[in-house]
Amino acid sequence: AQSVTQLGSHVSVSEGALVLLRCNYSSSVPPYLFWYVQYPNQGLQLLLKYTTGATLVKGINGFEAEFKKSETSFHLTKPSAHMSDAAEYFCAVSERGGGNKLTFGTGTQLKVEL
Amino acid sequence: EAEVAQSPRYKITEKSQAVAFWCDPISGHATLYWYRQILGQGPELLVQFQDESVVDDSQLPKDRFSAERLKGVDSTLKIQPAELGDSAMYLCASSINGVSGYTFGSGTRLTVV
């Protein structure tokens, strides 16, 4: 069974600082990997995804993530945090093959301070 | 941009009452998912439909929850009777296939009192 671990339930950064949110997965076969963002009382918005090809994936709002098979990781980064980035971030995986359910991590709440 | 529609956005109900949520996926998306998100946790799958057929309902509490997608388009999730522990965000998502991604609706925030 697949699982996702997000290290750090709360991360706080200063505006303009690097954002690094960690995600590790457990799967016998490298899955599809996703990062979603959720604002209070809203649904989930896709930031980026990795399915195949280049392991460095660029997403919306300046975020990017790198798939590292040897480390079973898919960490999310942004060079310079903005106040509007404050939200909850979820890493998720699905089995390859299409049409499969997403399995989510427990989420990381990002706080951006002046 | 196409969206997944959900209603209502918020619902307050008393314990032991019945409650229903509605979801209209993006047109052409054959796969529809209902997730439950308890405060402070990640979403967990309740049920997955492929067209009108249930693909996975292993985590659906079938003694009180039911879900249907009669014509393979929109879907309804029902809880009867509601319990205090059912208070959560209920999210609907749809996809063409897993490669292209999953689109989520804005969710229904349920509070059981």
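Computed from a prediction, not measured in an experiment: that's the story for all the values here. Note that these values count all heavy atoms, side chains included, but never hydrogens, waters or copies made by symmetry. Letters go in sequence order (proteins before strands), and every chain restarts at 1.
- Looking at every heavy atom in both residues, A:V19 comes nearest to A:F63 through CG1-CE2, 4.5 Å.
- Atom CG in A:L110 sits 9.5 Å away from atom NZ in A:K78 (nearest 0.5 Å).
- Contacts of B:Q37 with chain A are made by side-chain atoms alone, with heavy-atom separations under 4.5 Å and no backbone atom involved.
- Here A:K58 pairs with A:E64 in a salt bridge; the nearest charged N to carboxylate O distance falls below 4.0 Å.
- For A:Q45, no part sits under 4.5 Å from any heavy atom of chain B, backbone or side chain.
- Within 6.0 Å of the NZ atom in A:K69, the count of heavy atoms belonging to other residues, nucleotides or ligands does not exceed 12.
- Contacts with chain A were tallied for B:G40, B:P43, B:G42, B:S106; B:P43 has the most, counting heavy-atom pairs under 4.5 Å.
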